[in-house]
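Below is one structure, written out as structure tokens; the observations come after it.
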2 protein chains.
Amino acid sequence: MANTSDAKPNGAPRGSTVKHIETELMNDIAAGALAPGERLDEVKLTERFGVSRTPVREALSRLVAQGILIPGEKRGVRVAQYTREELSQVFEAMHEIEAACARIAAQRLSLLARVEIEAAQAACIAAAEIGERSAYQRANEDLHEAIYRATGNPYMAELASEFRRRTGPFRAKKFATKADLVASAQSHEKLIASIFSEDSDEASNGMRAHMAVSFRQTLAAN
Amino acid sequence: MANTSDAKPNGAPRGSTVKHIETELMNDIAAGALAPGERLDEVKLTERFGVSRTPVREALSRLVAQGILIPGEKRGVRVAQYTREELSQVFEAMHEIEAACARIAAQRLSLLARVEIEAAQAACIAAAEIGERSAYQRANEDLHEAIYRATGNPYMAELASEFRRRTGPFRAKKFATKADLVASAQSHEKLIASIFSEDSDEASNGMRAHMAVSFRQTLAAN
DNA sequence: ACATTCAAGTTTGTATACAGAATGATCAAT
DNA sequence: ATTGATCATTCTGTATACAAACTTGAATGT
């Protein structure tokens, strides 16, 4: 049945619905509301967001492009799920990208970047000392993002952020105990020192060492 | 006017039309048939491929996700075009990714990978000696792809390939003279030696050095 | 001459319709 | 009981329709 006159308006309303669906789904996945391996049904999403299949589809395909969702065997898309080996490969790639960011950041370190990194680390320490897991996680993300920005290279930064989003669901359950937080914050200290040394190789090795600590915690939780 | 009975069949034919459009456009861009900055018109593509806007749109948005196209200021999409600074940033990111590949490849070097790399380099030398530019370019791509495979990490490999595609249009005009080919092939020799040393740091530095040579040629041509 | 407003023409985002594939379920035959 | 075939039921890809936003440019007023 075609629109008569009282039908829902369509056309192009303000801030792209697609973007909204995309971030909403990303949050769900990051928060674990959608478990790895779970299948997403286009029509269900259609109902949930009160839109047609077209924007849902577009949002899904963007998430697929980012590796957050993967195309199902024959049909549909599912939340990315990795075998132990795949997980370690994705993390290896992320480690290298992070290391590259640290390398470039060390080369170009600006005063602003220094301050932003120090501020984020201060927040990490504060959160670790009182054992606030979710605050620590936020501060930890901030610190890494500050390092990405410190590269002065938006392409590197975007790449790193993308991998961080992609691995988010697996890193979520990483910090089990207060001791984990403290250990992570201490690992940050060495990492930051290596970047502030302004020696590329040392910074990149520093980041690899930090990521190794971090990955050990992640693997323990998966 | 709606389908009556003799209309074109739609539904889902064989190998996704979207994929076809995507690769076709990628080729056009790589071959320079679509110049950087050029605007792509959805409707024109619709006519060219004899399909509706839906698959065209999907193909375009995938290319946007890969950074090969970029969304226009207000409307439409255009072939990615970079200022000198942006170009150097994209290349910096690519260099780091390539260096990471070299690092991992050196760590895990298998006999098969060694052979593949040597074969590709042999092809490079052969092409350089007789000054066959397009053959050299192919062999050069093969060599880099062989290194990506040598990482044993499909995520790293895909990432590197993606950046290579993205920078393709700018590297295309790189090899101006036979001397360029020979210089590139010689640079490969050192690169390969550094990877075959199975020393991570040396391999990653080796790749960075090679990419620097390569980038100098690229900048000269842009 | 310049700014402002308004109408026509494009372009985009979203909705909906529909054909063909994949899946699953029912039922007959071995 | 297991296998195989047939049919109904999703699900997916593509086509088409249409409304809102943007662009353009001409007409109007200052």
Side-chain angles (χ1 to χ4, degrees), chain A residues 1-26 34 37-65 68-81, chain B residues 1-26 34 37-65 68-81:
Chain A
M1 191 196 299
N3 280 353
T4 48
S5 62
D6 59 336
K8 260 186 275 182
N10 54 3
R14 66 205 86 259
S16 186
T17 314
V18 172
K19 194 79 177 211
H20 174 240
I21 299 174
E22 189 183 348
T23 53
E24 202 73 7
L25 288 178
M26 246 172 54
L34 291 166
E38 192 167 337
R39 184 160 179 286
L40 275 75
D41 187 58
E42 286 182 6
V43 178
K44 290 241 179 74
L45 294 174
T46 277
E47 288 158 12
R48 166 170 168 194
F49 292 106
V51 299
S52 79
R53 271 180 59 222
T54 313
V56 168
R57 229 137 184 290
E58 200 156 320
L60 292 181
S61 76
R62 285 164 88 154
L63 291 170
V64 168
I68 293 175
L69 301 179
I70 49 179
E73 306 278 314
K74 275 289 161 187
R75 233 167 172 61
V77 303
R78 12 188 97 252
V79 179
Q81 186 182 34
Chain B
M1 190 186 298
N3 281 352
T4 48
S5 61
D6 59 339
K8 259 186 276 181
N10 56 2
R14 70 207 92 254
S16 186
T17 314
V18 172
K19 193 79 179 209
H20 174 239
I21 299 175
E22 189 184 347
T23 53
E24 203 71 8
L25 288 178
M26 245 173 53
L34 292 166
E38 192 167 336
R39 182 158 180 288
L40 276 76
D41 186 58
E42 287 182 4
V43 178
K44 291 242 180 72
L45 294 174
T46 277
E47 286 157 14
R48 166 169 168 196
F49 292 106
V51 299
S52 78
R53 270 178 60 220
T54 312
V56 168
R57 237 145 172 284
E58 199 156 323
L60 292 183
S61 75
R62 284 194 196 195
L63 291 170
V64 169
I68 293 174
L69 301 179
I70 50 180
E73 305 279 314
K74 274 290 159 187
R75 234 159 171 62
V77 301
R78 12 188 95 254
V79 178
Q81 185 181 33

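A, B, ... follow the sequence lines: proteins, then strands. Residue 1 opens every chain.
- Residues forming a side chain to side chain donor-acceptor pair (under 3.5 Å) with B:E42 (at least two apart in sequence, or on another chain): B:R53, B:R57.
- Taking atom CZ of A:F49 as the reference point, atom C1' of C:dT14 lies 16 Å away to the nearest angstrom.
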Could I get a table of every N or O pair under 3.5 Å where one atom is in the protein and the other is in nucleotides 8-10 of chain C?
| from | atom 1 | to | atom 2 | distance (Å) |
| --- | --- | --- | --- | --- |
| C:dT10 | O2 | B:R75 | NH2 | 3.3 |

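- Contact detail for A:I21 and A:A59: the closest heavy-atom pair is CG2-CB, 3.7 Å.
- Here the nucleotide nearest the side chain of A:V51, chosen from C:dG13, D:dT14, C:dA15, is C:dA15.
- Residue A:S52 places at least one side-chain N or O under 4.0 Å from the OP1 or OP2 atom of C:dA15.
- Rounded to whole Å, atom P of C:dT12 lies 17 Å from atom CD of B:E58.
- Every side-chain contact (heavy atoms from CB on, under 4.5 Å) that A:Q81 has, sequence neighbours left out, goes to A:P36.
- Summarising the geometry, the separation between CZ on A:R53 and C1' on C:dC18 is reported as 11 Å, rounded to the nearest angstrom.
- In terms of the side-chain contact (heavy atoms from CB on, under 4.5 Å) criterion, residue partners of A:S52 (sequence neighbours excluded) are, by chain and number, A:T54, A:P55.
- With a 4.5 Å cut-off on side-chain heavy atoms, A:R48 and A:K44 do not count as touching.
- The nearest whole Å value for the distance from the CG atom in A:L60 to the P atom in C:dT14 is 14 Å.
- Nearest to the side chain of A:P55, among C:dT14, D:dC11, C:dG13, sits C:dT14.
- Per the geometry, CG belonging to A:L45 stands 15 Å off P belonging to C:dT14, to the nearest Å.
- Residue-to-nucleotide proximity on DNA chain C shows that, of B:L40 and B:T54, the 5′-proximal contact is made by B:L40.
- For the pair B:R39 CZ and C:dT11 C1', the interatomic distance rounds to 8 Å; values are reported in whole Å.
- Applying the side chain to side chain donor-acceptor pair (under 3.5 Å) rule to A:R62 yields the partners A:E22; only residues at least two apart in sequence or on another chain are considered.
- If you measure from atom CZ of A:R78 to atom P of D:dC11, you get 13 Å, rounded to the nearest angstrom.
- Between A:E47 atom CD and C:dT16 atom C1' the separation is 15 Å, expressed in whole Å.
- Listed by chain and residue number, nothing satisfies the side chain to side chain donor-acceptor pair (under 3.5 Å) test with B:R39 (two or more places apart in sequence, or in another chain).
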